[in-house]
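Atoms within each ligand, like the ligands themselves, are counted from 1 in listed order.
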Amino acid sequence: MTNVSFLGLGEMGSALADAVLRAGHPTTVWNRTADKNAPLVDAGAVPARTAADAVDADLIVVCLFDHASVHEVLDPLGDRLAGRRILNLTTTSPDGARELARWAAEIGADYLDGGIMATPEMIGTPAAGVLYSGSHQLYADYRTVFESWGSTEYFGADAGMASLYDLALLSSMYVMFAGFFHGAAMVGAAGVPAKEFAARAVDWLRAVVPSITEYADVIDGGDYSVPGQQSLEFSDISDIVEASRAQGISTEVVDIVQNLIHRQIAAGHGSEGLARVIESIKNSEAAA
Ligand code: FVH
């Protein structure tokens, strides 16, 4: 069993602490607003009066609002963190994670960063996963504790990599959601309820999502002219842009996609595959 301390008992921090407690690990909890610890203390966690009172543990799990709040809580602890092992599950940028790893090294603490791919309700279920990067020793030593939250995956010693994967996955999600919102607005302008459209969108997206791996093969192969692909010219989404305008809705979402496609066509790649759009994204300045 591992003595685990939690700094931060928001929605996510509470779910993480609850799962660790249920797995039988002695658990200490601290939160800026003390009364949030009540359900966990009732379930057997030890309350810490201050953050400093919580650092005497094998593993310190930090789950606060953002990068600034992590420094606000940890900086005053200074020397007390020397020799301690810190897992930071607060969402930060890759550079924010790297900065925290350097800061931890300076005070002699071991640092692992994590990106949570789950909502609080999913923690402790097979649907939850956490991505890790930074200290491999810390990851290896406490992996069984981490498994009480969900699946685990380690992305190397560069502390920023978990965050990079986390944010890249979230970007795929947000852009897909924006596509759904756009489609719902298109048919919504004709009086179709979003729920009715959603049922079709879910089936449609489920059918087309597997093509992501085919695009990935083309991107990694570096040859966008491999036969059998949907060409950029064929993928021109002008009809979608015009139909959106005709429905009286914003074309901002689809304009972005159309611009990315048009830059590649203008550079003479119209007969090549749609995956070539990634070249527009990789090179924000030039046409191709
Ligand atoms: N909730 C989710 O679905 C997502 C899933 C993916 C990962 N995120 C990240 O997890 C971090 C914590 O998220 P959360 O859901 O627990 O957030 P809140 O419920 O808003 O709790 C925030 C906690 O942070 C404490 N806090 C904020 N600022 C400070 C500060 N300056 N000093 C000390 N503590 C601070 C706050 O304390 P209090 O307001 O209760 O006193 C909460 O404990 C986050 O990075 C997500 O992006 C969750």
Side-chain angles (χ1 to χ4, degrees), residues 4-22 27-43 45-55 57 59-78 80-81 86-101 103-104 111-134 145-146 148-153 155 159-177:
V4 189
S5 272
F6 286 85
L7 302 180
L9 301 174
E11 296 287 324
M12 185 53 83
S14 294
L16 297 168
D18 184 60
V20 165
L21 194 58
R22 282 174 196 276
T27 302
T28 300
V29 290
W30 172 84
N31 194 58
R32 178 179 63 177
T33 311
D35 56 7
K36 279 197 190 161
N37 71 15
L40 288 158
V41 172
D42 288 349
V46 175
R49 203 177 50 80
T50 65
D53 291 340
V55 298
L59 173 67
I60 300 167
V61 179
V62 182
C63 190
L64 296 164
F65 182 65
D66 60 6
H67 181 257
S69 51
V70 174
H71 271 302
E72 215 167 298
V73 171
L74 296 188
D75 284 359
L77 305 180
R80 299 198 59 163
L81 291 172
I86 301 168
L87 167 63
N88 178 35
L89 293 175
T90 309
T91 302
T92 57
S93 66
D95 281 345
R98 291 176 186 122
E99 184 279 323
L100 282 163
W103 171 86
Y111 182 87
L112 183 67
D113 203 86
I116 304 172
M117 306 310 300
T119 58
E121 309 76 50
M122 288 159 69
I123 295 299
T125 74
V130 182
L131 319 177
Y132 299 89
S133 62
V145 176
F146 306 157
S148 65
W149 299 324
S151 66
T152 76
E153 201 173 352
F155 288 88
M161 285 308 286
S163 164
L164 187 62
Y165 270 92
D166 180 1
L167 299 181
L169 288 166
L170 289 177
S171 80
S172 309
M173 181 190 81
Y174 279 114
V175 175
M176 181 191 72
F177 285 161

Could you walk me through whether Asn88 and Tyr111 pass side-chain contact (heavy atoms from CB on, under 4.5 Å), step by step? CA-CA 8 Å; Asn88 178 35; Tyr111 182 87; 3.1 Å; yes
Salt bridge (Lys or Arg N to Asp or Glu O under 4.0 Å): which pairs involve residues 119-129, sequence neighbours left out? none
Got a sec, which residues hit ring-ring contact (aromatic ring centres under 6.0 Å, His included) with Phe146, two or more places apart in sequence or on another chain? Tyr132, Trp149
Of all pairs that satisfy side-chain hydrogen bond (donor to acceptor under 3.5 Å, both in side chains), the ones with a partner from residues 5-21, not counting sequence neighbours: Asp18-Arg22
Compute whether any side-chain donor of one residue and acceptor of the other, for Glu99 and His71, lie under 3.5 angstrom apart. yes
For ligand 1, what N or O to protein N or O distances fall under 3.5 Å?
residue  : atom   : partner : partner atom : Å
ligand 1 : 16 (O) : Glu11   : N            : 3.2
ligand 1 : 16 (O) : Met12   : N            : 2.8
ligand 1 : 19 (O) : Glu11   : N            : 3.0
ligand 1 : 24 (O) : Phe65   : N            : 3.2
ligand 1 : 31 (N) : Arg32   : NH1          : 3.4
ligand 1 : 31 (N) : Glu72   : OE2          : 3.1
ligand 1 : 39 (O) : Arg32   : NH2          : 2.9
ligand 1 : 40 (O) : Asn31   : ND2          : 2.9
ligand 1 : 40 (O) : Lys36   : NZ           : 2.6
ligand 1 : 41 (O) : Arg32   : NE           : 3.0
ligand 1 : 41 (O) : Thr33   : N            : 3.0
ligand 1 : 41 (O) : Thr33   : OG1          : 2.4
ligand 1 : 43 (O) : Leu9    : N            : 3.3
ligand 1 : 43 (O) : Gly10   : N            : 3.2
ligand 1 : 43 (O) : Asn31   : OD1          : 2.6
ligand 1 : 45 (O) : Leu64   : O            : 3.1
ligand 1 : 45 (O) : Phe65   : O            : 2.9
ligand 1 : 45 (O) : Thr91   : N            : 2.9
ligand 1 : 47 (O) : Thr91   : OG1          : 2.9

For the CG atom of Asp66 and the OG1 atom of Thr91, what is their distance to the nearest 0.5 Å? 9.5 Å
